[in-house]
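Quick note on labels: first sequence line is chain A, next is B, and so on, each numbered from 1.
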Protein chains: 2
Amino acid sequence: MASVFPLADLKASAKPDSWIDMIIKGDCVAALEALPNHSVDVIFADPPYNLQLGGMLHRPDQSVVDAVDNEWDQFASFEAYDAFTRAWLLACRRVLKPTGTIWVIGSYHNIFRVGATLQDLNFWILNDIVWRKTNPMPNFKGRRFQNAHETMIWASPNAKAKGYTFNYDAMKAANDDVQMRSDWLFPICSGNERLKDGDGKKVHPTQKPEALLARVIMASSRPGDIILDPFFGSGTTGAVAKRLGRHFVGIEREQDYIDAASARIEAVQPLGKAELTIMTGKKQEIRVAFNVLVESGLIKPGQVLTDSRRRYSAIVRADGTVASGGESGSIHRLGARVQGLDACNGWTFWHFDDGQSLRPIDELRSVIRSDLAKAE
Amino acid sequence: MASVFPLADLKASAKPDSWIDMIIKGDCVAALEALPNHSVDVIFADPPYNLQLGGMLHRPDQSVVDAVDNEWDQFASFEAYDAFTRAWLLACRRVLKPTGTIWVIGSYHNIFRVGATLQDLNFWILNDIVWRKTNPMPNFKGRRFQNAHETMIWASPNAKAKGYTFNYDAMKAANDDVQMRSDWLFPICSGNERLKDGDGKKVHPTQKPEALLARVIMASSRPGDIILDPFFGSGTTGAVAKRLGRHFVGIEREQDYIDAASARIEAVQPLGKAELTIMTGKKQEIRVAFNVLVESGLIKPGQVLTDSRRRYSAIVRADGTVASGGESGSIHRLGARVQGLDACNGWTFWHFDDGQSLRPIDELRSVIRSDLAKAE
DNA sequence: GTCGACACTGAATCTGGGT
DNA sequence: GACCCAGATTCAGTGTCGA
């Protein structure tokens with residue numbers, strides 16, 4: 001239980017990082033306002049859905065559906081819900097790093113209001129993600145389609161924000177080497193994963209599955225990043241963040257939820273560094289300029305490069321530029337120029353003849369890179 | 001081309017139904033205001049998405065993506081888009097029958113604003129439906145998840161609206177006898193279905209697949225209903241409506257789209273009556289009250305009914321009520337009362353003794369129904 | 001006629017680091 | 001903030017052409 005932290009203590013603390021890996025007890029907006037500017041990498045928010053339920057719902061066998069009827073899900077009007085949404089999103093915006101991103105999950109009851117508010121506040125939507133449930137609750141009355149999904153919005157703090165973390169290559173590799181789509185399939189949280197109290201009753205009515213949070217965190221953060229959840233509830237975000245080697249910050253008002261989340265997170269074993277290594281693509285590799293190949297002798301001045309079908313050719317010059325029919329420039333510029341295009345990746349466009357076949361000069365760059373790696 | 005209809009002609013027409021199965025040329029809101037109150041059963045709306053694109057986007061092979069940059073998709077601000085959305089939704093509300101429903105399709109660029117506006121105008125969301133694309137365009141820069149779906153909102157005109165059409169059993173039967181979910185899988189519109197002009201260029205940048213409209217119309221309307229599309233475009237709604245034996249009304253500003261849609265709809269052959277019969281379950285079956293059984297002599301006053309295990313018993317009264325130990329009421333009420341439950345389906349709870357075994361009284365209702373069916 | 005290679009396309013808010 | 005420029009980046013199709 002060491003990770004619980006009353007908001008008053010946080011405000012009194014002189015230590016700047018005392019809020020990391022803690023659950024702050026208190027109101028969401030007040031607690032956010034106690035955190036430093038631009039200090040967290042990712043926010044995952046599962047706000048109240050503002051369900052507007054009529055009476056009780058019975059299954060065909062007359063058993064009663066255990067609906068979400070908690071006090072924290074009651075709002076007087078759409079206006080009240082919008083004001084609440086605006087307040088916590090504004091507080092989140094200040095706490096989020098410029099390179100950070102925010103996730104918000106909801107259903108049709110609230111997600112349209114959340115999305116519109118995000119846009120009004122100048123957040124920039126990157127994707128809307130659909131969580132398709134393998135095992136959703138049926139529609140008992142037969143008057144609608146089975147409500148089989150929830151929606152997450154992923155956004156950066158403004159339209160110009162560059163440099164947010166998206167582990168594209170890891171996602172693609174995890175998805176059988178095709179791009180990860182915006183529709184994800186996961187079971188709802190049940191079985192051993194579902195937190196129960198002493199009477200076997202579920203601790204929290206809307207506990208999210210860890211698999212969902214794992215994909216969110218793996219996609220949009222790096223090990224060591226700080227993940228904030230302003231509606232911490234049963235602490236799924238904290239548990240998964242800890243397991244995945246990230247730091248967490250939770251905000252929660254209700255002591256029962258804090259107790260359950262705290263114990264749950266305590267029991268989590270973080271994965272090791274090897275398991276947490278994120279697969280990256282070329283963008284992350286050491287930059288090797290073309291003239292390094294010339295300087296190292298892998299390419300010789302005067303050597304002729306061609307494209308893969310020998311339609312175009314160019315001569316290598318000693319300064320690391322290439323020339324063709326009066327034109328000259330970088331491998332990229334000249335590649336674009338001879339093809340009449342705006343841009344070109346010279347590394348894959350230009351080839352050299354190794355005596356047997358044409359090979360892209362990118363292969364020579366790989367040789368340099370592996371030499372550099374050995375030298376480390 | 002007979003189905004095109006300038007808005008001025010519509011206003012001048014004395015014939016009240018002259019707008020049915022027509023494409024009205026003109027502004028969406030102005031045209032809607034020329035239609036009678038509460039006159040259409042279903043509205044399907046595919047409004048501009050308000051895409052905010054930067055410069056050109058190139059594929060990895062340097063080819064240029066043909067983006068949606070049409071004038072009709074340009075708005076000055078979110079406020080302008082919201083005002084536009086409010087105006088056409090209000091106009092739709094007046095034209096829609098109290099038992100009607102509206103569908104709106106969009107992407108994350110606009111759907112949150114549309115959904116919030118629907119709620120602000122007191123529409124009642126029944127479902128949000130995800131159209132999962134089998135073949136979406138990839139994310140070429142690897143900076144986001146592949147945007148692989150669009151969202152539809154299905155709503156009734158107000159929270160208390162009852163009696164809207166939802167062909168639950170037909171949807172369930174069409175879905176291998178499990179409830180139709182809120183996530184639907186369809187390819188994007190391509191191949192022969194995609195309308196092309198003389199030069200082989202697509203007529204409309206965002207033509208929707210007919211399969212999507214077919215499910216919408218089959219789920220939420222009946223043969224003979226009127227389906228309105230205020231952003232008619234290439235006329236998919238009209239073509240599918242006609243094929244499925246529904247009437248359509250289209251509103252469209254651009255003559256090129258009207259010409260293409262008009263010719264397209266002209267070529268559609270409607271399905272026959274037999275193919276259009278909507279599969280119905282018990283909900284749609286002829287209602288048979290318990291007293292009809294008594295009146296018909298299948299159940300006799302004074303007869304004893306029991307539950308399947310003979311734990312409870314009740315005596316049938318001539319008025320079609322049943323009584324047990326001082327309590328009396330409908331078969332449903334009394335069934336609930338004796339079990340101490342809030343509700344009970346008396347048709348399956350109460351049984352009669354046919355001399356050999358106990359059989360639910362629901363079987364007698366089936367006898368009545370088949371007699372009624374023969375009589376038609 | 002068949003098969004393979006290649007070109008083309010779809011509602012897209014689509015780079016990042018350095019000067 | 002504007003500009004420059006290296007260089008990284010695509011899935012499920014349909015249609016065409018030539019062998």
Given side chains that start at C-beta, do those of [X] and [Y] come closer than 4.5 Å, heavy atoms only?
X      : Y      : value
B:V114 : B:Y81  : yes
B:F186 : B:K208 : no
A:M152 : A:F44  : yes
A:S156 : A:L126 : yes

Let's go through B:V65 and B:M56 carefully: what are the C-alpha distance in whole Å and the side-chain angles of both, what is the deciding distance for side chain to side chain contact (heavy atoms under 4.5 Å, CB included) to 0.1 Å, and is it a yes or a no?
CA-CA 7 Å; B:V65 174; B:M56 284 201 299; over 6 Å; no
Taking N or O atoms only and anything under 3.5 Å, show me the protein contacts with nucleotides 3-7 of chain D, one pair per line.
| residue | atom | partner | partner atom | Å |
| --- | --- | --- | --- | --- |
| D:dA6 | OP2 | A:S330 | OG | 3.1 |
| D:dA6 | O3' | A:R287 | NE | 3.4 |
| D:dA6 | O3' | A:R287 | NH2 | 3.3 |
| D:dG7 | OP1 | A:R287 | NE | 3.2 |
| D:dG7 | OP2 | A:H332 | NE2 | 2.6 |
| D:dG7 | OP2 | A:W347 | NE1 | 3.2 |

Among pairs that include at least one residue of residues 294-303 of chain A, which meet salt bridge (charged side-chain N to carboxylate O under 4.0 Å, His left out), considering only residues two or more places apart or in two chains?
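Checked against salt bridge (charged side-chain N to carboxylate O under 4.0 Å, His left out) - neighbours excluded - no pair reaches residues 294-303 of chain A.
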field: salt bridge (charged side-chain N to carboxylate O under 4.0 Å, His left out) pairs, two or more places apart, involving residues 327-347 of chain A
entry: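 Only A:E327-A:R337 qualify under salt bridge (charged side-chain N to carboxylate O under 4.0 Å, His left out).
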Nearest whole Å is fine: how far is [N] [atom2] from [X] [atom1]?
X      : N      : atom1 : atom2 : value
A:F166 : D:dT9  : CZ    : P     : 12 Å
A:K172 : D:dC11 : NZ    : C1'   : 9 Å
A:Q179 : C:dA12 : CD    : P     : 13 Å
A:D183 : D:dC11 : CG    : P     : 15 Å
B:N139 : C:dA11 : CG    : P     : 16 Å
B:M137 : C:dG10 : CE    : C1'   : 4 Å
B:Q52  : C:dC14 : CD    : P     : 10 Å
A:D128 : C:dA12 : CG    : C1'   : 13 Å

Could I get the full list of ring pair (Phe, Tyr, Trp, His ring centres under 6.0 Å) partners for [X], not counting sequence neighbours?
X      : value
B:W154 : A:F145, B:W103, B:Y164, B:F166
A:H351 : none
B:F140 : none

Hey, does [X] reach any base, or is it just sugar-phosphate, or nothing, if we go heavy atoms under 4.0 Å?
X      : value
A:Q284 : nothing
B:S107 : nothing
B:G233 : nothing
B:P209 : nothing
A:N175 : nothing

Sidechain N-carboxylate O distance under 4.0 Å for [X], [Y]:
X      : Y      : result
B:E210 : B:R264 : yes
B:D183 : B:R181 : yes
A:R246 : A:D225 : no

When you check the phosphate oxygens OP1 and OP2 of [N], does a side-chain N or O of [X] lie under 4.0 Å from one of them?
X      : N      : result
A:Y168 : D:dT10 : yes
A:K283 : D:dA8  : no
B:R143 : C:dG16 : yes

### Query
In Å and rounded to the nearest 0.5 Å, what is the OG1 to CG distance from B:T237 to B:L212?
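Taking OG1 in B:T237 and CG in B:L212, the distance rounds to 9.5 Å.
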What distance do A:K97 atom NZ and A:N37 atom CG have between them, rounded to the nearest 0.5 Å?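 If I round to the nearest 0.5 Å, the distance is 13.0 Å.
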Mind listing the residues from residues 57-70 of chain B sitting with a heavy atom below 4.0 Å of DNA chain D? Number order is fine.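 Here the set is B:P60, B:Q62.
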Give me the distances for all protein-to-nucleotides 17-19 of chain C N/O pairs that come in under 3.5 Å?
none

*Selected nucleotide, minimal atom distance to B:P138 side chain, candidates D:dC11, C:dC14, C:dA11*: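 Ranking D:dC11, C:dC14, C:dA11 by closest atom to the B:P138 side chain puts D:dC11 first.
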Between [M] and [N] - [atom1] atom distance, rounded Å:
N      : M      : atom1 : answer
D:dC5  : C:dA12 : C1'   : 24 Å
C:dC8  : D:dT10 : C1'   : 13 Å
C:dG10 : C:dC14 : C1'   : 15 Å
C:dG1  : D:dC17 : C1'   : 15 Å
D:dG15 : C:dA11 : C1'   : 23 Å

For nucleotides 12-18 of chain D, tabulate all protein N/O to nucleotide N/O atom pairs closer than 3.5 Å, reporting atom names and distance.
none

Comparing B:E150 and A:A161 on DNA chain C - which has the more 5′ nearest nucleotide
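Upstream on the strand: B:E150.
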Would B:Q255 and B:K25 satisfy side chain to side chain contact (heavy atoms under 4.5 Å, CB included), going step by step from the backbone distance to the final call? CA-CA 8 Å; B:Q255 190 62 46; B:K25 178 170 181 176; 2.7 Å; yes
message = Checking B:F248 against B:I23 for the side chain to side chain contact (heavy atoms under 4.5 Å, CB included) test, could you report, in this order, the C-alpha distance in whole Å, the side-chain angles of both residues, the deciding distance, and whether it holds?
response = CA-CA 8 Å; B:F248 70 90; B:I23 305 173; 4.3 Å; yes
A correct dot-bracket answer for DNA chain D, with pairs being Watson-Crick or G-U at under 3.5 Å, [ ] for crossing pairs and | for inter-strand pairs, is .|||||....|||||||||
Check: Are any side-chain N or O atoms of A:S221 and backbone N or O atoms of A:I217, one a donor and one an acceptor, separated by less than 3.5 Å?
Finding: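 Yes, the answer is positive, given that a donor and an acceptor are paired below the 3.5 Å cut-off.
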Item to complete: Could you identify which residues of residues 311-321 of chain A place a heavy atom less than 4.0 Å from some atom of DNA chain C, listed by residue number, or say none?
Response: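 Of all residues in residues 311-321 of chain A, none places a heavy atom under 4.0 Å from DNA chain C.
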Legend entry - Closest approach of A:W350 to A:I331 (non-hydrogen atoms, all atoms of both residues):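 That closest heavy-atom pairing would be NE1-O, 2.9 Å.
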_Listed once per pair and sorted, the side-chain hydrogen bond (donor to acceptor under 3.5 Å, both in side chains) pairs that draw on residues 166-178 of chain A, sequence neighbours left out_ =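 Passing the test, one end in residues 166-178 of chain A: A:Y168-A:Q179.
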### Query
Between the side chains of B:R113 and B:T85, is a donor N or O closer than 3.5 angstrom to an acceptor N or O?
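B:R113 vs B:T85: no donor-acceptor pair found between side chains.
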